[in-house]
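Okay, so here's the structure we're looking at.
Each chain gets a letter, A, B and so on, in the order its sequence line appears, and its residues count up from 1.
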Amino acid sequence: MAKTLVVILGPTGSGKTAVSITLAARFGAPILSTDSRQFYRGMAVGTAQPDAAQLAAAPHHMIANHEVAEHYTCGDYERDALALLDELFREHDLVLAVGGSGLYIDALCEGLDDLPEADPALREELERTWKEEPQKLLAQLQALDPGYYERVDRANPKRVVRALEVCLKSGAPYSTLRRGKPQQRDFNILKIGITLPREELYARIDRRVDEMMAAGLEAEARTLYPLRHLNALQTVGYREMFDYFDGTITRDQAVELIKRNSRRYAKRQTTWFGRDAQVHWFAPGQTDTMIALIGGICD
RNA sequence: GGUGCCAUAGCUCAGUUGGUAGAGCAACGGACUGAAAAUCCGUGUGUCCCUAGUUCGAUUCUUGGUGGCACCA
């Protein structure tokens with residue numbers, strides 16, 4: 001029987017976790033997280049990791065399995081997740097992948113091109129140059145990879161710096177290393193998107209932030225405060241709390257900003273997922289229809 | 001009750017010596033390959049409170065309302 005990865009995606013707060021528990025129970029499937037923040041320990045409240053009951057209801061993978069101080073990238077994720085899937089598919093015909101990080105989902109389903117890893121020293125140097133003489137970096141990129149220079153968002157330091165980083169480390173133009181062709185996986189992929197009317201989604205997000213505060217987000221953030229400069233903590237829910245701790249904003253303002261920034265994040269996710277024509281969209285309550293769809297494809 | 005000030009975008013406000021208007025924030029749209037809950041780009045969404053005048057033309061000036069604020073009673 002063909003192995004199938006059912007990918008459950010959607011904006012933050014759409015109810016992916018609850019859906020995944022229902023589907024996992026129905027199919028006896030394990031759950032692999034595709035969330036770029038939930039795999040850190042100590043961030044359970046702010047990243048809305050599955051709770052104890054949900055974790056007990058189905059085997060979860062890539063949840064709280066890394067330290068906040070670890071530098072973990074989508075490249076690491078692709079490698080680890082594929083290895084893990086290989087193992088899971090020995091025991092299961094169906095595995096669920098659940099989360100909202102579009103880039104990580106793409107890394108899992110289509111693979112990343114074979115590009116050099118980030119080099120911290122080089123990156124730091126490029127970032128410094130960007131701050132002082134951005135024109136210099138742009139000129140350098142234009143010389144090393146004129147094609148990409150034309151296409152890239154030249155106002156976005158992350159794009160420019162990464163492209164240069166790849167050019168310098170590989171000795172080849174960034175764009176020639178970007179084949180952009182999806183890699184063939186040895187399992188089937190079925191993408192299920194969870195969606196809600198905008199107003200409802202935003203109301204759920206607001207409510208969930210209040211629930212996070214009630215569940216101890218402030219205390220959790222306080223524990224993580226000394227680590228606030230780490231990448232793992234460049235995250236909605238924590239940054240705003242850190243600003244509150246620094247005295248820049250009040251607690252109420254922090255809560256409002258977390259709500260606003262979560263809504264903006266949800267919008268960005270919606271834009272990203274909207275481009276993927278493979279996604280079958282459902283409301284969070286339509287688990288019966290999802291089960292029928294999955295059953296029809298797997299049997 | 002009297003006097004004065006104010007009324008312009010979702011909010012706070014600017015402005016038009018009379019030619020139907022613009023900032024910040026919010027909102028909305030988009031991009032995205034090893035930092036991605038990150039990072040970046042784009043868009044003004046408007047009975048200029050109502051009414052009657054003056055005028056070729058009024059959001060702008062004048063009359064009378066309405067609402068708000070302040071002061072005096």
Side-chain angles (χ1 to χ4, degrees), chain A residues 9-14 16 33-40 43 45-49 68-81 99-120 122-124 126-127 130 134 148 151-166 169-170 174-183 198-199 202 205 208-209 212 217 221 224 229-242 249 253 256-276:
Chain A
L9 54 83
T12 188
S14 57
K16 299 183 291 295
S33 170
T34 59
D35 189 296
S36 73
R37 290 296 186 270
Q38 288 186 1
F39 47 59
Y40 290 111
M43 296 175 65
V45 177
T47 64
Q49 282 173 8
V68 168
E70 276 180 72
H71 184 73
Y72 196 76
T73 69
C74 54
D76 299 324
Y77 176 81
E78 181 188 354
R79 182 198 61 231
D80 295 347
S101 302
L103 181 63
Y104 284 62
I105 293 169
D106 285 354
L108 180 62
C109 296
E110 301 180 357
L112 300 170
D113 290 315
D114 192 18
L115 304 174
E117 291 276 345
D119 175 333
L122 176 59
R123 179 165 288 189
E124 203 180 315
L126 290 170
E127 278 170 351
W130 176 266
Y148 189 65
R151 255 176 297 129
V152 71
D153 179 357
R154 281 171 242 156
N156 190 333
K158 301 214 176 192
R159 297 281 125 71
V160 174
V161 165
R162 161 101 271 238
L164 267 177
E165 190 177 274
V166 172
K169 279 195 81 176
S170 68
Y174 177 64
S175 54
T176 63
L177 302 175
R178 285 280 310 280
R179 304 188 327 283
K181 268 192 296 181
Q183 288 163 32
R198 180 72 64 94
E199 250 181 60
Y202 285 6
I205 287 173
R208 193 167 73 157
V209 172
M212 283 181 183
L217 177 60
L224 294 164
H229 296 303
L230 293 171
N231 180 55
L233 291 167
Q234 306 316 308
T235 302
V236 175
Y238 297 96
R239 287 169 138 190
E240 298 85 353
M241 277 292 131
F242 297 155
I249 55 176
Q253 285 173 325
E256 284 314 303
L257 284 172
I258 292 171
K259 290 176 180 175
R260 185 198 71 182
N261 292 338
S262 296
R263 281 184 238 118
R264 289 177 172 178
Y265 173 47
K267 172 59 178 83
R268 272 179 271 134
Q269 290 174 299
T270 302
T271 299
W272 180 293
F273 296 135
R275 283 197 308 187
D276 191 341

Across all strands shown, which nucleotide pairs with B:C11 by Watson-Crick or G-U wobble geometry, both distances under 3.5 Å?
B:G24

Checking base pairs now: Watson-Crick or wobble, both atom distances under 3.5 Å. What partners B:G4?
B:C69

Gap in Å between the two [atom1] atoms, one belonging to [N] and one to [M], rounded:
{"N": "B:U55", "M": "B:G18", "atom1": "C1'", "value": "9 Å"}
{"N": "B:G19", "M": "B:G24", "atom1": "P", "value": "24 Å"}
{"N": "B:G15", "M": "B:U51", "atom1": "C1'", "value": "24 Å"}
{"N": "B:G46", "M": "B:C41", "atom1": "P", "value": "26 Å"}
{"N": "B:G53", "M": "B:U63", "atom1": "C1'", "value": "7 Å"}

Specify the separation, in whole Å, of atom [atom1] of [X] and atom [atom2] of [N].
{"X": "A:Tyr265", "N": "B:A38", "atom1": "OH", "atom2": "P", "result": "8 Å"}
{"X": "A:Glu78", "N": "B:A36", "atom1": "CD", "atom2": "C1'", "result": "15 Å"}
{"X": "A:Asp153", "N": "B:A36", "atom1": "CG", "atom2": "P", "result": "18 Å"}
{"X": "A:Tyr238", "N": "B:A35", "atom1": "OH", "atom2": "P", "result": "21 Å"}

Presence of donor-acceptor pair under 3.5 Å, side chain of [X] and base of [N]:
{"X": "A:Arg162", "N": "B:A35", "value": "no"}
{"X": "A:Glu127", "N": "B:A35", "value": "yes"}
{"X": "A:Asp106", "N": "B:U33", "value": "no"}
{"X": "A:Arg263", "N": "B:A26", "value": "no"}

Return no unless some side-chain N or O of [X] is found under 4.0 Å from OP1 or OP2 of [N].
{"X": "A:Arg268", "N": "B:C40", "answer": "no"}
{"X": "A:Tyr104", "N": "B:A36", "answer": "yes"}
{"X": "A:His71", "N": "B:A35", "answer": "yes"}
{"X": "A:Arg123", "N": "B:G34", "answer": "no"}
{"X": "A:Arg198", "N": "B:G29", "answer": "yes"}
{"X": "A:Arg159", "N": "B:A36", "answer": "no"}

Any donor-acceptor N/O pair, A:Tyr238 side chain to A:Met43 backbone, under 3.5 Å:
yes

Nucleotide of [options] approaching [X] most closely (side-chain heavy atoms):
{"X": "A:Lys267", "options": "B:G30, B:A38, B:G34", "value": "B:G30"}
{"X": "A:Glu117", "options": "B:C40, B:G34, B:A38", "value": "B:G34"}
{"X": "A:Asp113", "options": "B:C41, B:U33, B:A36", "value": "B:U33"}
{"X": "A:Lys158", "options": "B:C40, B:A38, B:U33", "value": "B:A38"}
{"X": "A:Leu115", "options": "B:U39, B:U33, B:A35", "value": "B:U33"}

NA contact type, A:Asn261, heavy-atom cut-off 4.0 Å: base, sugar-phosphate, or nothing?
nothing

What nucleic acid atoms does A:Gln234 come within less than 4.0 Å of, heavy atoms only: base, sugar-phosphate, or nothing?
sugar-phosphate

Hey, which sits more toward the 5' end of RNA chain B by its nearest nucleotide, A:Gly111 or A:Tyr40?
A:Gly111

